[in-house]
Amino acid sequence: MLRMSTLLLRTLRDDPADAEVASHRLLVRAGYVRRVAAGIYSWLPLGYRTYRNVEKVVREEMDNAGFQEVHFPALLPRDPYESTNRWTEYGPDLFRLKDRKGNDYLLGPTHEEMFTLMVKGEFSSYKDLPLSIYQIQTKYRDEPRPRSGIIRGREFVMKDSYSFDIDDAGLEASYQRHREAYIKTFNRLGLKFNIVSAMSGAMGGSKSEEFLAPCPTGEDTYVLCEKCGYAANVEAMVTKVDAYKGEVPPAFEIFDSPNTPTIDSLVELVNSKFGISITGADTLKNVLLMADGKAISILVPGDREVDLKRVGANLAGVQDLRLFEDEDFAKYPGLVKGYVGPQDAAKLGITVYADPRIVIGSHWITGANERDKHARYVTHGRDFEVTAFVEAAEVKAGDPCPTCQTPVVIDRAIEIGHIFQLGRKYAQALGLTVLDQNGKAQVVTMGSYGIGVSRAVAAIAEQSHDEIGLIWPREIAPAEVHVVAAGKDESIFNFAEQLTEQLEAMGLTVLLDDRKDASPGVKFKDAELIGIPYIVIVGKSLQEGKIEFRVRSLGSKVEFATDSAVAEIIAAINN
RNA sequence: CGGGGCGUAGCGUAGUGGCUAGCGCGCCUGCUUUGGGAGCAGGAGACCGGGAGUUCGAAUCUCCCCGCCCCGACCA
């Protein structure tokens with residue numbers, strides 16, 4: 001029995017000044033967590049019970065799926081991370097430390113190496129596969145910017161799984177098993193989520209999907225087609241365009257265009273000069289970038305910005321990507337800021353990539369590579385060539401769905417899970433092979449799957465709260481029933497106590513507000529803030545033989561007779 | 001790392017050169033109160049983020065450092 005009279009808990013009447021997002025604000029106010037440093041939090045009793053409930057659901061679903069739980073240290077030696085070059089590649093996000101002998105250690109940001117090495121140490125035959133193992137472990141990443149309370153911390157708990165298979169078909173099967181286990185897990189956690197296709201990015205795999213919990217304060221942006229269900233991270237959104245069907249344009253011509261530094265001013269000048277009515281979408285923007293020290297130009301329609309995230313995710317192998325700065329222009333005197341066009345790219349020594357919208361045969365108004373001059377009828381395939389198409393332009397709400405052409409919507413979400421097919425990268429680097437039927441060594445293929453366990457607590461809070469407090473799903477709540485003794489009469493406290501014992505005897509977890517010195521108003525406010533789903537009030541109606549039953553999420557109140565209270569409460573909860 | 005904001009008691013805050021740093025919540029003692037964050041009386045609790053400087057005098061002005069929050073870049 002949890003008693004409010006002795007609980008290590010102090011709810012706050014005011015919102016903490018340093019919390020903005022709802023989950024952070026409410027978890028602090030309701031006494032679930034306290035900040036220790038940026039992105040590092042302590043859990044108080046109510047919070048830790050909630051956290052452990054989430055962990056329990058995750059663990060049960062992993063076990064149900066037949067995955068085996070293991071546990072690695074958080075404190076790890078440098079060596080395994082050298083084999084995959086991540087000691088270097090991970091950069092400043094890695095927490096590094098030295099032992100007394102001066103040897104390098106790290107706090108694990110993720111554990112691919114350790115899992116791979118564990119399997120390598122034990123198994124060596126195809127007969128041992130497939131295998132899926134997981135752990136629930138604290139991870140450390142020295143984030144450049146921790147934010148939103150426990151949504152993005154520098155210390156956080158992640159459930160990470162890895163699958164090991166002999167071939168691609170096996171990997172696909174393991175991937176699907178994880179996908180199904182994740183769907184069950186998030187459903188049990190009461191989370192609304194979308195499964196979106198994602199870029200596997202730096203991890204170097206192939207197929208990858210993210211589980212996103214929609215929420216306005218989320219930090220991931222994704223597109224969703226409400227008709228066919230297509231969903232993708234903005235980085236992974238595919239642009240669908242038709243081939244050019246217009247007429248072949250006349251030869252390109254250069255015209256004077258002084259004082260047109262912006263697309264708008266250019267459009268205005270062209271329209272009045274030629275007596276036509278084009279829009280920004282008919283102009284071609286040449287955005288210059290430095291990619292690992294190489295100058296590249298990205299072509300996008302003038303009415304769109306370049307999305308650096310998308311470019312980065314879609315340009316294979318590029319580490320450092322940034323916009324051109326004045327000193328870069330100085331190195332390429334042929335590039336006239338504001339008047340760049342793709343016609344002379346080869347001469348100027350830059351590599352040109354184009355957004356898929358710049359289809360072959362289409363013609364554009366673009367810079368003439370001379371101050372105060374633009375050109376029109378500049379035609380792709382005739383007047384300029386590109387090295388490759390790359391998804392580069394920003395995604396806008398209303399863009400056509402790549403599968404059914406319906407305008408998509410853009411929404412924000414918290415990433416709560418990520419599954420992907422890693423392939424053989426780690427197994428190769430660490431030498432994980434097994435012998436096949438023919439006695440030949442085969443490199444194992446792996447999948448990697450993560451759930452942010454501590455983050456899920458915050459994600460649930462984000463999706464399930466109102467102005468006055470938290471509203472937990474039953475399975476996650478720190479207790480299932482909150483019994484409030486509201487009054488001063490001894491009989492009220494006695495009955496509340498008895499009722500609590502009876503409910504517990506029926507298998508329910510109960511938080512009893514048995515504080516003698518708190519007024520009913522305080523107890524009601526606290527109960528609403530704490531957010532246990534069912535609230536039972538033992539108070540003034542006790543003398544009429546009644547207690548009150550409330551459902552936090554509905555704000556509903558009904559009275560039950562005291563002698564049938566336990567049965568009625570249980571019936572109401574299980575209804 | 002770029003831009004913005006902030007740091008005064010456990011929490012929320014007032015105080016912009018003047019002597020004793022104020023208020024509300026919370027906490028302690030006593031009395032009264034008990035269905036929507038009770039009342040009265042008394043009390044504890046602050047190296048005003050740290051350091052250096054300017055000044056007769058600094059929470060207040062200057063410089064440096066530290067910490068925290070938000071936007072961006074980057075990332076689960």
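Bear in mind that the values here come from a model prediction, so they are computed numbers and not experimental data. Worth knowing before you read on, the calculation uses all heavy atoms, side chains too, and leaves out hydrogens, waters and symmetry mates. All chains are named by letter (A, B, ...) in the order of the sequence lines, taking the proteins before the strands, and each is independently numbered beginning at 1.
Between A/Tyr140 and A/Phe95, the ring-plane angle classifies as perpendicular under the 30° and 60° cut-offs. Between A/His178 and A/Tyr449, the angle of the ring planes stays under 30°, which puts this pair in the parallel group of the 30/60° scheme.
Counting non-hydrogen atoms under 4.0 angstrom, A/Arg141 reaches a base of the nucleic acid. Using a 4.0 Å heavy-atom criterion, one finds that A/Ile537 contacts the bases of the nucleic acid, with or without backbone contacts as well. Among the atoms of the strands shown, base atoms are found under 4.0 Å from some heavy atom of A/Arg550. Contact annotation for A/Lys309: base contact, defined as any heavy-atom pair under 4.0 Å involving a base atom. Residue-level contact check: A/Ile151 touches the bases, meaning some heavy atom is under 4.0 Å from a base atom. A/Gly452 comes within 4.0 angstrom of no nucleic acid atom, judged by non-hydrogen atoms across all strands. The residue A/Ser148 sits close only to the backbone: its heavy atoms come under 4.0 Å of sugar-phosphate atoms, none of a base. Residue A/Gly149 is classed as having no contact, given no heavy-atom separation below 4.0 Å to the nucleic acid. Residue A/Glu20 is in sugar-phosphate contact alone, with no base atom involved, counting any heavy-atom pair closer than 4.0 Å across all strands shown. Residue A/Ala19 is out of contact with every strand shown, counting any heavy-atom pair closer than 4.0 Å.
Here, B/rC48 and B/rU16 have their C1' atoms 14 Å apart, quoted to the whole Å. Using atom P as the reference point in both B/rG57 and B/rG2, the two lie 37 Å apart (nearest Å). One C1' atom belongs to B/rG39, the other to B/rC25, and the distance between them is 16 Å to the nearest Å. One C1' atom belongs to B/rA14, the other to B/rA9, and the distance between them is 14 Å to the nearest Å. Separating the P atom of B/rA52 from that of B/rA59 is a span of 14 Å, rounded to the nearest Å. Atom P of B/rG67 sits at a distance of 35 Å from the matching atom of B/rG24, rounded to the whole Å. For the C1' atom pair drawn from B/rC64 and B/rU54, the interatomic distance equals 15 Å after rounding to whole Å. When the P atom is compared between B/rA38 and B/rG3, the two are found 47 Å apart, to the nearest whole Å.
Shown here, B/rC63 forms a base pair with B/rG51; the pair counts as Watson-Crick or G-U wobble because both key distances fall under 3.5 Å. In this structure, B/rG72 and B/rC1 make a Watson-Crick or G-U wobble pair, each of the two defining distances being under 3.5 angstrom. Pair check for B/rC27 finds B/rG43; Watson-Crick or G-U wobble, both atom distances under 3.5 Å.
Listed candidates were B/rG35, B/rC74, B/rA76. Nearest to the side chain of A/Ser541 is B/rG35. Of the candidates B/rC75, B/rC68, B/rC74, B/rC74 carries the atom nearest the A/Arg147 side chain, counting heavy atoms from C-beta on. Each of B/rC68, B/rG24, B/rC75 was ranked by its minimum atom distance to the side chain of A/Asp14; first place goes to B/rG24. Comparing B/rG35, B/rC68, B/rC27 by their closest approach to the side chain of A/Arg10 singles out B/rC27. Taking every side-chain heavy atom of A/Val522 into account, B/rA38 is the closest of B/rC71, B/rC11, B/rA38. Nearest to the side-chain atoms of A/Lys540 among the listed nucleotides B/rG35, B/rC69, B/rG24 stands B/rG35.
Between A/Tyr134 and A/Phe67, the distance separating the two ring centers is not shorter than 6.0 angstrom.
One finds a side-chain N or O of A/Arg145 lying less than 4.0 angstrom from the OP1 or OP2 phosphate oxygen of B/rC71. Within the structure, every side-chain polar atom (N or O) of A/Ser519 is placed at least 4.0 Å from both OP1 and OP2 of B/rG37. In this structure, A/Lys525 does not reach the B/rG37 phosphate: none of its side-chain N or O atoms is under 4.0 Å from OP1 or OP2. Regarding contacts with the backbone of B/rC11, every side-chain N or O of A/Arg13 stays at 4.0 angstrom or more from both OP1 and OP2.
Side-chain atoms of A/Asp526 come within donor-acceptor range of the base of B/rG37, with a qualifying N/O pair under 3.5 Å. Counting atom types as modelled, A/Glu528 pairs a side-chain N or O with a base atom of B/rG36 as donor and acceptor under 3.5 Å.
Atom pair A/Asp18:CG and B/rC71:P shows a separation of 14 Å (rounding to whole Å applied). For the pair A/Arg34 CZ and B/rG26 P, the computed distance is 15 Å after rounding to whole Å.
Of the candidates A/Lys159, A/His418, A/Glu209, A/Lys159 is the only one forming a side-chain hydrogen bond (donor to acceptor under 3.5 Å, both in side chains) with A/Tyr182. Applying the side-chain contact (heavy atoms from CB on, under 4.5 Å) test between A/Ile451 and each of A/Asp160, A/Thr185, A/Ile416 identifies A/Thr185 as the sole match.
Contact annotation: the side chain of A/Leu2 approaches that of A/Arg49 to within less than 4.5 Å [non-hydrogen atoms, C-beta and beyond].
In this structure a side-chain-to-backbone donor-acceptor pair under 3.5 Å is present from A/Arg177 to A/Ala65.
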